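Source: prediction; values computed, not measured. Letters go in sequence order (proteins before strands), and every chain restarts at 1.
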Number of protein chains: 2
Amino acid sequence: MTSTQRTHADQLAEPWSGVPEWLRVRGLRWTPQRRLLIEVLSGIDGHVTGADLVERCRMLDPETTPSTVYRTLDVLEEIGLVQHGHGADGREEYHVLPAVEHGHLYCGNCGAVEEISEGEVAAVVELFDSRHAFAVDGSHITIVGRCGSCLSASRA
Amino acid sequence: MTSTQRTHADQLAEPWSGVPEWLRVRGLRWTPQRRLLIEVLSGIDGHVTGADLVERCRMLDPETTPSTVYRTLDVLEEIGLVQHGHGADGREEYHVLPAVEHGHLYCGNCGAVEEISEGEVAAVVELFDSRHAFAVDGSHITIVGRCGSCLSASRA
DNA sequence: ATTAATGCAAACGGTTTGCACTACT
DNA sequence: AGTAGTGCAAACCGTTTGCATTAAT
């Protein structure tokens, strides 16, 4: 059997299943460390900081090295599975699966993050597209303010 | 003359003119270093990074020390003349005179920053206020995307 | 056998801190 | 004189880099 076989150890959740193949096609390699990071990423919805990813990886494998994580994130960004940008708290932040247009409402008081619907993202995109000839990156929208519970807490 | 005299050396542009007084009232001090920073800040419209402020101060006085700048920024934040938060590029950023509602369109490609009108800020604030019970901080809005010139450049 | 990827350790940039000294009041 | 503010230098944190080693192909 010289055909490309896939063992069950390579089974990954949907958007990630093509990664090993994508890598091998261009002579890159599918390593345990990369597999670990993918595993962590697949459990994340929306966004994470780099430091957070390092920490989560270390929870599964204490041997994890920051440089390896960041380097792998670079290649994943090339594939388009993550996209790094600014975070509401200032640090580098990775958006997982940026293909899905979404945004966040970040509470500057308690740090809570709320998702913005696609429709609302579209409204923002359109607002600035028409008036400024500015193409809003729908996957990067972060609005800072006070969340509902902090508002009512401060009223109490 | 025991009265509180102000020499012309203390004349500052409007929003900043009360700073020396504010400081002295609570036993804090009005120093050349603080005056320098105020001078730099008064020439800034909208926002700056801490590192940028350090650099600008050094242009006027090469002796400027980062720690002094940051410590003074803390004091000014207490007065409410600046407000620090996230920057579109990830670093700590200071909003000057945050009382004025405004926002920025940040080009992720070339780094250009365009101002958002008050009306547009209001539109965004309202959008999320009504649907999420989320009080948008109008002085913190930053939208990331591609500016007009980068768009036409990539089409060329 | 190749050569990509790893782990280490050191370097980085922006910001913060401890401490002895300076200078505003 | 008293004490807030300064400058220095070192520490900090998250991220990046160089390089020799390991391991996927």
**Q** Could you point out which residue of A:Val69, A:Leu37, A:Leu73 forms a side chain to side chain contact (heavy atoms under 4.5 Å, CB included) with A:Val54?
**A**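 So, applying the side chain to side chain contact (heavy atoms under 4.5 Å, CB included) to A:Val54 and each of A:Val69, A:Leu37, A:Leu73, only A:Val69 qualifies.
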
**Q** Counting only heavy atoms not in B:Glu55, do more than 12 fall under 6.0 Å of its CD?
**A**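 Not more than 12 within 6.0 Å, no.
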
**Q** Counting side-chain heavy atoms from CB outward, which of D:dG7, C:dG7, D:dG5 is closest to B:Arg34?
**A**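 Output: D:dG5.
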
**Q** Determine whether the side chains of B:Glu93 and B:His84 contain a donor N or O and an acceptor N or O closer than 3.5 Å.
**A**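 B:His84 and B:Glu93 do not have a side-chain donor-acceptor pair below 3.5 Å.
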
**Q** Roughly how many Å is it from CG in B:Leu23 to P in D:dT6, rounded to a whole number?
**A**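 So the CG-P distance, B:Leu23 to D:dT6, works out to 10 Å.
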
**Q** Please state how far atom CG in B:Leu53 lies from atom P in C:dG13, giving the value in whole angstrom units.
**A**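 Answer to the nearest Å: 19 Å.
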
**Q** Can you check the B:Arg35 CZ to D:dG5 C1' distance for me, whole Å?
**A**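 Nearest whole value for this atom pair: 17 Å.
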
**Q** A:Asp52 CG to D:dC13 P: how many Å, rounded?
**A**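 From A:Asp52 CG to D:dC13 P: 16 Å.
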
**Q** Expressed as a whole number of angstroms, how long is the span from B:Glu77:CD to C:dT16:C1'?
**A**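 After rounding, the reported distance stands at 15 Å.
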
**Q** In whole angstrom, what separates A:Leu37's CG from C:dA5's P?
**A**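 Between P of C:dA5 and CG of A:Leu37: 14 Å.
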
**Q** For B:Glu77, does the CD atom sit with more than 12 other heavy atoms under 6.0 Å from it, leaving out its own atoms?
**A**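 It does: B:Glu77 CD has more than 12 such atoms within range.
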
**Q** If I take atom CZ in residue A:Arg58 and atom P in nucleotide D:dG14, what distance separates them, rounded to the nearest angstrom?
**A**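 Nearest whole value for this atom pair: 11 Å.
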
**Q** For A:Asp45, is the CG atom crowded, meaning more than 12 foreign heavy atoms sit under 6.0 Å from it?
**A**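 Open: at most 12 neighbouring heavy atoms sit under 6.0 Å from CG of A:Asp45.
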
**Q** Strictly under 4.0 angstrom, non-hydrogen atoms only: write out the protein contact profile of nucleotides 16-25 of chain D, one letter per nucleotide from the 5' end, B, S or -.
**A** BBB----BBS

**Q** Working to the nearest 0.5 angstrom, can you tell me the gap between B:Arg29 CZ and B:Arg24 CZ?
**A**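 If we round to the nearest 0.5 Å, B:Arg29:CZ and B:Arg24:CZ are 11.5 Å apart.
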
